[in-house]
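We count ligands from 1, going down the list as the structure has it; atoms in each ligand are counted the same way.
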Amino acid sequence: MINSNDRLGPLALLVGTWTGTGEGIYPTIATFGYREEIVFSDGGVKPFIGYVQRTSALDDGRPLHAESGYLRWTAGGAEWIIASPTGVTEVHTTHLSVDEAGLDAVFRTVSMSASPTAKRVDSVERRLRLRGDELTYELHMAAVGEQHQLHLTATLRRG
Ligand code: HEM
């Protein structure tokens, strides 16, 4: 396992380029498969890592969701700031759990905002599980009037 360090804490474990596939579901839409690339980058000076994500449809390769932001390492844990072209922004906090096996974290939104025409999203929860060079996650959300529930699951490998 890559070592964590003082500046980034366990966020250092995430640095790299990750690729994989996932599945999306929600009661209001058709289930879909997607390809995903995530880059967590370390600028080398400050206590945060950059985050850039993009996805495409498994069936025909058309671009789907994309998002970007920052993961900040603080005395109290980690904070994740995310902006999406859907008009939604998310601010999450978490307490990371790290042991010999890897890293686990449940990020939950402490605030969100939306552009005037964005679809309604009331809460987002991102559950990350890192084991060596394998990163899996689940994303749950309460959106478009539906209860908080699963939207995405994915498995990525560090390239
Ligand atoms: C890997 C990332 C994601 C992918 C591939 C993805 C993909 C999709 C797709 C294909 C749809 C259905 C078609 C459409 O409305 O465009 C959809 C709907 C939706 N997604 Fe996602 N999404 C992702 C992340 C997110 C995130 C982070 C949020 C919330 C912050 C979100 C919120 C929604 C909402 C609100 C809908 C509309 C549901 C409806 O209109 O009934 N998605 N997503």
Next on the checklist: If we count only non-hydrogen protein atoms and require a distance under 4.0 Å, does atom 14 (C) of ligand 1 qualify as touching the protein?
Outcome noted: no

Checklist entry - Is the closest heavy-atom distance from R126 to ligand 1 below 4.0 Å? => result yes

Next on the checklist: With the threshold set at under 4.0 angstrom, would you say Y34 reaches ligand 1 through any of its heavy atoms?
Outcome noted: yes

Checklist entry - Below 4.0 angstrom, N of the basic side chain to O of the carboxylate: do R126 and E138 qualify? => result no

Item to check | Side-chain ion pair, D104 and R127, N-O less than 4.0 Å | outcome: no

Checklist entry - What are the atoms of ligand 1, with element, lying closer than 4.0 Å to any heavy atom of Q53? => result 1 (C), 2 (C)

Checklist entry - Can you list the atoms of ligand 1 that are under 4.0 Å from a heavy atom of A143? => result 35 (C)

Does the side chain of [Y] come within less than 4.5 Å of [X]'s, by heavy atoms?
X    : Y    : result
E125 : H148 : yes
I81  : R72  : yes
F48  : L71  : no

Item to check | Contact (N/O only, under 3.5 Å) between K119 and ligand 1 | outcome: yes

Item to check | H151 N/O/S atom closer than 2.8 Å to atom 21 (Fe) of ligand 1 | outcome: yes

Checklist entry - At what distance is the nearest protein heavy atom to atom 36 (C) of ligand 1, and which residue and atom is it? => result M141 CE, 4.4 Å

Checklist entry - Counting heavy atoms only, which of H65, R62, R35 comes nearest to atom 23 (C) of ligand 1? => result H65

